[in-house]
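Presented below is the structure to which this report refers.
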Amino acid sequence: MTEPVGHRTPQPAGHPADPLAPSGLALLLRRFRLIRVGRVPWIAGGLLLLLVFCALFADLIVPWDPTALNLGKALKPPIWEDGSVPGHVLGTDNLGRDILSRIIQGAQVTLEVGLYAIVLSGGIGALMGMISAYFGGVVDAVIMRLVDIQMSIPSIALALVLAAALSPGMSTVIVVIVLSYWTWYARIVRGEVLSLRERDFVKLARVAGCSTPVILWRHILPNVINTLLVLASLQLGSVIIFEATLSFLGLGVQSPDMSWGLMLNDARPYMTRAWWPITLPGIAIMIVCLAANVFGDWMRDTLDPRRRQL
Amino acid sequence: MLNYLIKRILQGVISIVGASAIIFAISRLDDPTLLLLPIDATPEMVENLRQRLGLDLPIVQQYLIFLGNALQGDFGNSYRWEQPALALILDRLPATLELAFAGLVFALALAIPFGVLSAVYRDSWFDNFAKLFAMLGQAMPNFWVGLLLILFVSVNLGWLPAFGREGFDSLIMPAIALGWYPVAAMTRMLRSTMLDVLDSDHVRMARAIGVPNRVVVWKYALRNAAVPLVTMLGIYFANMLSGAFVVEVIFAWPGMGRMVVEAMFARDFPLLQVGVLFSAILFVVVNLLVDLSYGVLDPRIRHD
């Protein structure tokens with residue numbers, strides 16, 4: 001019989017253990033070191049891919065219908081606790097809905113909001129930043145004042161006004177996210193373009209008769225694209241938390257649609273009776289944000305090491 | 001210096017007026033007559049009310065009237081409480097400021113030792129622990145931190161009250177929930193600036209002439225490394241004001257944030273407008289104060 005490598009051989013009774021043989025703790029530590037720093041971005045990237053997979057194929061992989069009510073099975077604990085029901089791995093919520101299925105389905109909203117935030121606020125912010133820096137003067141002053149005004153309204157406060165006027169929902173969340181996040185892109189892209197504008201290749205393009213849109217698109221945008229990617233990945237985590245907060249307050253996604261923040265809101269009245277509905281969706285948020293932040297840090301270090309302070 | 005001050009104050013005023021215009025415009029997307037009148041109101045009643053509230057005027061004129069009244073401290077009466085909206089908000093403001101201040105104190109009390117020690121003992125187990133803590137802190141929504149605190153500390157252990165505002169005990173958990181995110185951000189920032197400062201000539205000089213390590217780190221190095229942290233305090237304070245909306249709801253804290261959230265659900269626009277405008281004013285004022293404090297902290301920074 002072959003022993004697994006590194007496995008401790010049983011000691012004959014009465015003999016002291018070999019002092020040089022690795023102890024259980026050392027073995028554990030050795031195994032733990034498999035997670036080396038260099039692999040962390042890959043783990044983070046893998047977790048983000050898992051999120052995308054859950055969101056795209058939620059309908060196929062959910063073990064239960066995430067909206068199916070079953071009051072007979074309400075608030076059943078996860079499978080490792082006493083009193084659990086078979087099949088509900090992470091237990092059920094106050095209406096007997098399967099928590100694992102709801103977390104998988106909730107990934108859709110998380111991904112959707114993340115994509116909108118990146119594409120729309122990144123796009124608008126980059127465009128405004130480029131225009132502001134390239135034209136300068138009055139245009140610059142107006143856009144930068146707009147940025148100041150926008151930044152002075154706390155984003156949750158803006159969400160409250162919009163939700164009251166429009167009615168809460170996914171569209172409110174997206175509008176608020178775009179309005180709140182474009183300013184960061186605009187400020188940083190403006191800073192980059194201010195120096196790019198004076199570079200020879202831009203001046204030459206102007207002399208050669210390129211139109212302004214062509215200069216912005218062909219000559220300036222490719223030079224700020226790295227910054228944009230870094231900013232987008234660094235903001236993904238904060239956008240996800242923001243959506244969860246809005247949905248938790250009832251300003252975002254409405255039942256029967258589901259989001260992790262909304263699940264936490266549903267679970268709040270029952271928190272004295274059941275710990276799992278209030279912890280597990282939060283852990284999902286935490287894992288995705290952690291992955292997004294680690295991935296963002298890695299992107300920044302790889303693509304744009306000058307911006308360590310971001 | 002005076003020119004700089006005037007310019008900054010002017011920018012602040014523009015921001016606040018701009019914010020008020022945005023808030024006003026969004027509020028007008030909703031028709032308050034539907035809310036104020038019974039469902040079976042006749043068209044004449046609606047028309048009457050519209051004229052009385054000035055809703056038949058052009059939007060720009062409506063805004064100027066709003067601004068004029070606002071400058072005199074009149075934001076209208078809250079639909080729900082039937083009292084002046086401004087007085088209601090001012091009444092709740094001290095509770096919110098107390099909470100934000102407590103959150104800031106909590107954040108600084110943790111972030112300063114964490115940031116300094118992890119820079120001094122770079123790559124030690126403590127540094128790794130602080131890094132992990134900062135990563136986790138930035139990945140947890142503040143309302144969830146609050147819920148977990150209630151679950152473990154109030155429900156399971158029964159140590160602290162889960163809601164209300166009665167004495168110091170009830171302030172602890174909301175302050176931790178609110179300060180959680182800034183702890184992470186401040187620790188990361190202080191660590192990186194401390195690393196730079198510890199490597200600088202004046203610190204090496206202090207060590208060379210035999211100044212004790214304790215004094216070098218906590219007096220000479222920290223004072224220099226703290227400047228960027230102070231410049232960010234305005235941002236963190238704004239982050240906390242924004243966070244206060246949800247933290248106050250969770251802990252039933254009787255502050256401005258919870259009142260504004262309730263006003264949103266009641267579609268109580270006068271109250272909502274003042275509350276949101278006030279948070280914008282607080283943001284602008286705090287950032288102005290922070291900008292002006294650089295020069296005091298670091299005489300090399302001059303606003304010419």
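Just so you know, these numbers use all the heavy atoms, side chains as well, and skip hydrogens, waters and symmetry mates. Just so we're clear, the structure is a prediction, and the values are computed from it rather than from any experiment.
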Identify which part of [X] has an atom lying under 4.5 Å from any heavy atom of chain B, answering side chain, backbone, both or neither.
X	answer
A/Leu251	side chain
A/Pro168	side chain
A/Val294	both
A/Ser167	both

Among [options], which has the most heavy-atom pairs under 4.5 Å with chain A?
options	value
B/Val249, B/Leu241, B/Val284	B/Val249
B/Val17, B/Asn156, B/Val276	B/Val276
B/Ile26, B/Val155, B/Leu29	B/Ile26

Shortest non-hydrogen contact between [X] and [Y], atoms and distance:
X	Y	answer
A/Ala163	B/Met264	CB-CE, 3.7 Å
A/Ile153	B/Ala19	CG1-CB, 3.6 Å
A/Ala164	B/Leu272	CB-CD2, 3.6 Å
A/Ala157	B/Phe245	CB-CZ, 3.9 Å
B/Phe269	A/Val161	CE2-O, 4.5 Å
A/Leu249	B/Phe265	O-CZ, 3.1 Å

### Query
Is any side-chain heavy atom of A/Ile285 closer than 4.5 Å to a side-chain heavy atom of B/Pro141?
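Yes, at least one pair of side-chain atoms sits under 4.5 Å.
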### Message
Could you tell me if the side chain of A/Asp148 sits less than 4.5 Å from the side chain of B/Ile14, heavy atoms only?
### Response
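SC-SC contact between B/Ile14 and A/Asp148 ruled out.
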Is it the case that atom [atom1] in [X] sees more than 12 heavy atoms from other parts of the structure closer than 6.0 Å?
X	atom1	value
A/Arg273	CZ	no
B/Phe101	CZ	no
A/Trp80	CH2	yes
B/Arg8	CZ	yes
A/Trp276	CH2	yes

### Message
Using a 4.5 angstrom heavy-atom cutoff, name the option from A/Ala165, A/Ser155, A/Cys289, A/Gly250 with the most pairs to chain B.
### Response
A/Ala165
Atom pair [atom1]/[atom2] of [X] and [Y] - distance to nearest 0.5 Å:
X	Y	atom1	atom2	value
B/Ser15	A/Ile149	OG	CD1	6.0 Å
A/Thr245	B/Asn142	OG1	CG	6.0 Å
B/Leu148	A/Met271	CG	CE	7.5 Å
B/Met135	A/Asp297	CE	CG	5.0 Å
B/Glu262	A/Leu160	CD	CG	11.5 Å
B/Gln138	A/Leu234	CD	CG	9.5 Å

Heavy-atom distances under 4.5 Å only: say whether [X] touches chain A with side chain, backbone, both or neither.
X	answer
B/Ile250	both
B/Tyr181	neither
B/Leu136	both

### Query
Just by modelled atom types, is the A/Ile278 backbone N or O under 3.5 Å from a matching donor or acceptor in the B/Trp144 side chain?
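Here the side-chain-to-backbone pair exists.
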